[in-house]
2 protein chains.
Amino acid sequence: MIELRHLRTLVALRDAGSLVEAAERVHLTQSALSHQIKDLEERLGTALFMRKTRPVEFTRAGQRLLSLAEQVLPLVRMAERDVARLIGHEPGRLHMAIECHSCFQWLMPTIDSFRDHWPEVEIDIPGGHHFDPLPALAREQLDLVITADPQPLPSVHYEPLFRYQGLLAVARQHRLADRAFVEPEELAEETLITYPVEHARLDVFTQFLDPAGVRPREVRTAELTIMMMQLVASGRGVCALPNWALTEYLERDYVKAVGLGETGMWSTLYAAIRDESREQAWMEDFLRTARETSFAVLEGIKPA
Amino acid sequence: MIELRHLRTLVALRDAGSLVEAAERVHLTQSALSHQIKDLEERLGTALFMRKTRPVEFTRAGQRLLSLAEQVLPLVRMAERDVARLIGHEPGRLHMAIECHSCFQWLMPTIDSFRDHWPEVEIDIPGGHHFDPLPALAREQLDLVITADPQPLPSVHYEPLFRYQGLLAVARQHRLADRAFVEPEELAEETLITYPVEHARLDVFTQFLDPAGVRPREVRTAELTIMMMQLVASGRGVCALPNWALTEYLERDYVKAVGLGETGMWSTLYAAIRDESREQAWMEDFLRTARETSFAVLEGIKPA
DNA sequence: GATTTATCATGACATTAGCTCATGTGCTTG
DNA sequence: CAAGCACATGAGCTAATGTCATGATAAATC
């Protein structure tokens, strides 16, 4: 008997293009998917996709099942939402803080799509708070915080969203422009441009420079990503940003990007929420939507 | 995660009206369904149906999932059929013999619905064969035989369709009319009306009278059920028929029905097919359709 | 063309979901 | 109030469904 599990796998496979990555998306091993699909194929009596092409190519039978999945899975999700709505009639509240300036890029589409499904949830991003958002979360002043450095707090749960790589943006003619990666020491004579937030919240420092005991010659700040890009492009400094925040500038050949350290500087972005709210159907749905939107909108990120 | 299994269970539950019978339909135990649904309810956080009513009554959440099932399951079946069709392009042949006169009642709607889905399968009920159908099945002159007495033959497989109870139809004013059941000996002085087929193929004899060494005073035959009913109603004899073949006459209060023996005479109706054809998608589908149609059209039958 | 790197397949083992069995509880019915 | 029926529940088992370790194969890199 064919099950929804199979359909979800097929969709992941198509979106990912390979078994390995599809496996990450559905949080299973490559082997599990291989077995699962093989089993399904045996029961159906036909192959579902070609393994020797990249991205994988679906047979006609595979395509038919994919189209089934496209029809069916949204229906299932809608039903689940309806059921969830039938249960809890208390309107939800979703006040959030974002510790990650570039996150608006995926957060806005996420919120848009979420609002369609859960109109009764009150969404807000309260501005002008100068308090520390994570304790505010515990105090129930906030309901969700997007952050890259989880700190253990009672009753706060960190839900990983995705992993991304921090890259160093440099001018095209910069001396480091053609390097695959740089070592911390090489930034000692550079001007580093950052968002105007505390030192401890910038992972170029916490993960890269501080461990090596290096301080850049100068640090200056800019509010917006595009301003940073202006400064970098005109050779006024370098700046570290998530890979996906850079893609559009890289495509336009506006700046160059190099890795931070040999292994690259990978971070995980988390949604911090209170333990209790993990149960709420709309919260689950928000996180799912966030992940889906991110993977659709951003390039170069990986499942956590 | 909700799975198709759950949806199939819910549909069975609604159709059956009780967990016990639903369990029979999906070929699981009552316990399994109880666990399965409980588990689902816990994950959803809400009850799906009321257990204390008969037939069971669905909560709003339950109804929502039912409606999901109604949308989704047909789509899944269609996709499965399409996939099956993509594989085997050889048009199928379905020539059948029916060893059960009353069976046309459910067989005709079955065939109608099947033909819609598998237009390329050539369906026929070759008439005028006076050979024994089961060997003809093995010889590939036939592809399916509806029968109530399976005889072991190499490469022939018997797929149970449903169980039914043989009842004795008697005139309203008959001396046995108010009995719950009769013993074989009580038929020694009766005229028994049967279809014009060999003795060994009539289960009133093989299962009821022969074991007790009883022969009715007289045996006469009639071709059609309705003729039998005429004769019975006018006191010219009694006749044994499947419960479901009698319902329409019982509802019109045309005749009365009594059980055969204290435990009742239960038989199982089988579809005999060749081993190889068990694999064919359209054959599976025919059997499924047959079962579904039977349960929809006939009253008082049970899953095999 | 050799070497490295990637993906998928596969067999053995592990885990767990999902089932059956046996039994308990509560409702209905005679 | 006893009997019958339907559902619930806990224990235990099995088979389905995973993981791990490894090998084969194809593409990418040197």
Side-chain angles (χ1 to χ4, degrees), chain A residues 1-10 12-44 46-59 62 165 178-181 259 262-264 300 302-303, chain B residues 1-59 61-62 180 259 262-264 300 302-304:
Chain A
M1 282 282 122
I2 189 169
E3 282 293 347
L4 291 181
R5 169 166 38 96
H6 300 124
L7 300 185
R8 300 193 235 261
T9 298
L10 287 177
L13 180 56
R14 186 206 42 194
D15 292 350
S18 88
L19 268 193
V20 229
E21 208 191 319
E24 285 196 309
R25 296 204 184 198
V26 295
H27 301 294
L28 289 176
T29 60
Q30 171 266 325
S31 178
L33 286 207
S34 183
H35 284 300
Q36 183 187 103
I37 298 186
K38 188 184 167 207
D39 175 69
L40 180 61
E41 287 180 329
E42 272 166 14
R43 277 186 294 174
L44 292 175
T46 178
L48 294 176
F49 70 102
M50 321 292 215
R51 290 106 214 275
K52 314 262 140 159
T53 66
R54 197 149 34 262
V56 292
E57 196 173 311
F58 288 84
T59 66
Q165 190 181 8
D178 292 322
R179 301 282 292 281
F181 62 92
E262 182 160 10
T263 56
K302 301 212 145 228
Chain B
M1 283 281 125
I2 188 168
E3 281 293 346
L4 290 181
R5 168 167 38 95
H6 300 122
L7 299 185
R8 301 193 234 262
T9 298
L10 287 177
V11 168
L13 180 57
R14 185 206 43 195
D15 291 350
S18 88
L19 267 193
V20 212
E21 209 192 319
E24 286 195 308
R25 295 204 184 199
V26 294
H27 301 294
L28 289 177
T29 60
Q30 171 267 323
S31 177
L33 287 207
S34 183
H35 284 299
Q36 182 185 106
I37 298 186
K38 190 187 165 206
D39 175 68
L40 180 61
E41 287 180 329
E42 273 167 12
R43 277 186 294 174
L44 292 176
T46 177
L48 294 175
F49 70 103
M50 322 290 217
R51 292 105 213 276
K52 314 262 141 157
T53 64
R54 201 148 28 264
V56 292
E57 196 174 312
F58 287 85
T59 65
E262 183 160 10
T263 55
K302 300 211 146 228

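Remember, predicted model here, so these are calculated numbers, not experimental data. All chains are named by letter (A, B, ...) in the order of the sequence lines, taking the proteins before the strands, and each is independently numbered beginning at 1. Worth knowing before you read on, the calculation uses all heavy atoms, side chains too, and leaves out hydrogens, waters and symmetry mates.
Between Arg8(B) atom CZ and dC19(C) atom P there is a gap of 12 Å when expressed in whole angstrom units. For the pair Ile37(B) CD1 and dG18(C) C1', the computed distance is 14 Å after rounding to whole Å. Whole-Å rounding puts the Glu24(A) CD to dC8(C) P distance at 12 Å. Following rounding to the nearest Å, Arg5(A) (CZ) and dT16(C) (P) show an atom-to-atom distance of 16 Å. Between the P atom of dG18(C) and the CE atom of Met1(B) lies a distance of 13 Å, rounded to the nearest Å. With rounding to whole Å, His6(B) atom NE2 is found 10 Å from dG18(C) atom C1'. Nucleotide dG18(C) holds its P atom 13 Å from the CD1 atom of Ile2(B), rounded to whole Å. Between the P atom of dT17(D) and the CD atom of Glu3(A) lies a distance of 8 Å, rounded to the nearest Å.
Residues satisfying the salt bridge (charged side-chain N to carboxylate O under 4.0 Å, His left out) test with Glu21(A), not counting sequence neighbours, are Arg25(A). Residues that satisfy the salt bridge (charged side-chain N to carboxylate O under 4.0 Å, His left out) test with Asp15(B), not counting sequence neighbours, are absent from this structure. Partners of Glu3(B) by salt bridge (charged side-chain N to carboxylate O under 4.0 Å, His left out), not counting sequence neighbours, listed by chain and number: Arg8(A). Residues that satisfy the side-chain contact (heavy atoms from CB on, under 4.5 Å) test with Ser34(A), not counting sequence neighbours, are Leu19(A), Gln30(A). Looking at residues two or more places apart in sequence or on another chain, you find a side-chain contact (heavy atoms from CB on, under 4.5 Å) between Lys38(B) and Glu42(B). Residues that satisfy the side-chain contact (heavy atoms from CB on, under 4.5 Å) test with Ala32(B), not counting sequence neighbours, are Leu28(B), Thr29(B). By the salt bridge (charged side-chain N to carboxylate O under 4.0 Å, His left out) test, Arg5(A) is found to be paired with no residue, residues two or more places apart in sequence or in another chain being considered.
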Return a single string for nucleotides 2-10 of chain D, one symbol per nucleotide in 5' to 3' order, where B is base contact, S is sugar-phosphate-only contact and - is none, cutoff 4.0 angstrom on heavy atoms. ----SBBBB

One pair to check against side-chain hydrogen bond (donor to acceptor under 3.5 Å, both in side chains): Thr46(B) and Glu41(B). What are the steps and the verdict? CA-CA 5 Å; Thr46(B) 177; Glu41(B) 287 180 329; over 6 Å; no

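Atom-to-atom distance recorded for Leu13(A):CG and Leu48(A):CG is 9.5 Å, nearest 0.5 angstrom.
Contact annotation for Leu28(B): backbone-only contact, meaning every heavy-atom pair under 4.0 Å involves sugar-phosphate atoms and none involves a base.
End-to-end axis angle of the helix from dG1(C)-dC30(D) to dG30(C)-dC1(D), from C1' rotation axes over five pairs per end: 30° (rounded to 10 degrees).
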